[in-house]
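The block underneath contains the structure these notes are about, expressed in structure tokens.
Bear in mind the structure is a predicted one, so any value in this text is a computation, not a measurement. Counting starts at 1 for both ligands and their atoms, in listed order.
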Amino acid sequence: MLNLILFGPPGAGKGTQSKLLAEKYNLVHLSTGDLLRSEISNGTALGMEAKSLIDAGKLVPDSVVVGMVQNKVENNLGAEGFIFDGFPRTTEQAIALDKILGEHNAPISLVLALDVDEDELTRRMLERGRKDDTEAVIRDRFKVYEKETYPLKKYYQRHDKFSEVYGLGTVDEVSERLQNAIETVNG
Ligand code: AMP
């Protein structure tokens, strides 16, 4: 299995790039943000619980997202691989993911980190105009990223699975850089 994590701050282009890579390598695209938004639009209890946290730029509890990821992985065990987008966001989630994948002998192949500076990120997020993308919420999402998610870089570097990719340029240019990084482990 080719199991990739697309890592990076909010607004770095993880969603767009994950979709392209999922198509190219025939992977299941697993975005916890998309899964949560679909729970909200379906009006489920989980969605209701998550909504106020998402609207405030805070993280949804680990147990909730880990449960969603576990279901999605276990329902797609025949897949050629997964691309995790927006997950893991905490060390606890990373440990849980290793455990889930470990049970199926399908470890993470590579973490691709999109490198984009903060001014550009803010500009992009304001432009896409999502409801949880007001300036105050964006600031909170950055803070959460720096405190909870950025430290995961060390976690994956320790396991020698971390590849940083320059995230500015056209969608196709960035995609090509990501594909080059993937070929080094998938060649
Ligand atoms: P995203 O679409 O990945 O930017 O996610 C949108 C929002 O959903 C985030 O700001 C969080 O509130 C929530 N969310 C998405 N993924 C996770 C996760 N792995 N852990 C906790 N909260 C998450």
Side-chain angles (χ1 to χ4, degrees), residues 3-22 27-74 76 82-101 108 111-116 118 120-156 162 165 167 171 174 178:
N3 289 323
L4 305 171
I5 293 173
L6 210 52
F7 186 80
K14 298 191 294 292
T16 306
Q17 294 297 338
S18 295
K19 283 194 196 99
L20 289 174
L21 293 177
L27 308 173
V28 174
H29 176 207
L30 200 165
S31 155
T32 44
D34 285 351
L35 291 176
L36 288 166
R37 282 184 286 276
S38 114
E39 295 281 342
I40 292 172
S41 59
N42 291 330
T44 66
L46 194 159
M48 314 268 237
E49 190 196 325
K51 188 176 182 313
S52 55
L53 294 167
I54 294 176
D55 286 348
K58 298 206 170 75
L59 293 184
V60 172
D62 290 331
S63 57
V64 172
V65 283
V66 167
M68 290 192 321
V69 168
Q70 180 148 19
N71 280 341
K72 182 96 179 178
V73 168
E74 283 171 0
N76 288 280
F82 291 88
I83 182 154
F84 298 95
D85 163 11
F87 178 91
R89 262 178 158 97
T90 65
T91 304
E92 200 161 314
Q93 291 178 18
I95 292 169
L97 180 61
D98 281 345
K99 186 157 170 275
I100 294 167
L101 295 176
I108 288 296
V111 179
L112 297 157
L114 283 173
D115 179 19
V116 182
E118 199 166 309
E120 172 68 13
L121 293 171
T122 309
R123 199 188 59 72
R124 286 185 188 184
M125 279 195 283
L126 288 173
E127 205 178 78
R128 80 183 173 187
R130 224 168 59 189
K131 209 167 141 257
D132 57 339
D133 280 349
T134 64
E135 254 185 281
V137 172
I138 289 172
R139 255 196 313 276
D140 283 344
R141 295 170 85 212
F142 277 134
K143 270 193 218 139
V144 171
Y145 174 77
E146 265 156 39
K147 183 160 175 274
E148 308 280 353
T149 307
Y150 185 75
L152 285 181
K153 178 174 177 173
K154 279 221 171 72
Y155 179 90
Y156 287 110
F162 196 84
V165 171
V171 169
V174 177
L178 291 167

Nearest-0.5 Å distance that lies between atom OG in S31 and atom NZ in K19: 7.5 Å
Nearest-neighbour protein heavy atom for atom 7 (C) of ligand 1, which is reported as residue plus atom name and distance: I54 CG2, 3.9 Å
Polar atom proximity, R141 to ligand 1 (N or O, under 3.5 Å): yes
Contact atoms of ligand 1, heavy-atom distance to T32 under 4.0 Å: 15 (C), 16 (N), 17 (C), 18 (C), 19 (N)
Heavy-atom closest pair, residues L97 and I5: CD2-CD1, 4.0 Å
Nearest neighbour of atom 11 (C) of ligand 1 from the list M68, K58, R89, on a heavy-atom basis: K58
Numbered atoms and elements of ligand 1 in range of G86, under 4.0 angstrom, heavy atoms: 16 (N), 17 (C), 18 (C), 19 (N)
Salt-bridge criterion met for R123 and E120 (N-O under 4.0 Å): yes
Straight-line distance of H29 NE2 to F82 CZ, nearest 0.5 Å: 12.5 Å
Crowding at CZ, F162 (>12 non-hydrogen neighbours, <6.0 Å): yes
Q93: numbered ligand 1 atoms lying under 4.0 Å from its heavy atoms: 18 (C), 19 (N), 20 (N), 21 (C)
K14 heavy atom under 4.0 Å from ligand 1: no
E148 atom CD, neighbour heavy-atom count above 12 within 6.0 Å: yes
Protein contact to atom 22 (N) of ligand 1 [nearest heavy atom, distance to 0.1 Å]: V60 N, 3.1 Å
For P9 against L114, the heavy-atom pair lying closest together: CD-O, 3.7 Å
Shortest protein heavy-atom distance from atom 14 (N) of ligand 1, along with the residue and atom involved: L36 CD1, 3.5 Å
Under 3.5 Å: N/O of L59 near N/O of ligand 1: no
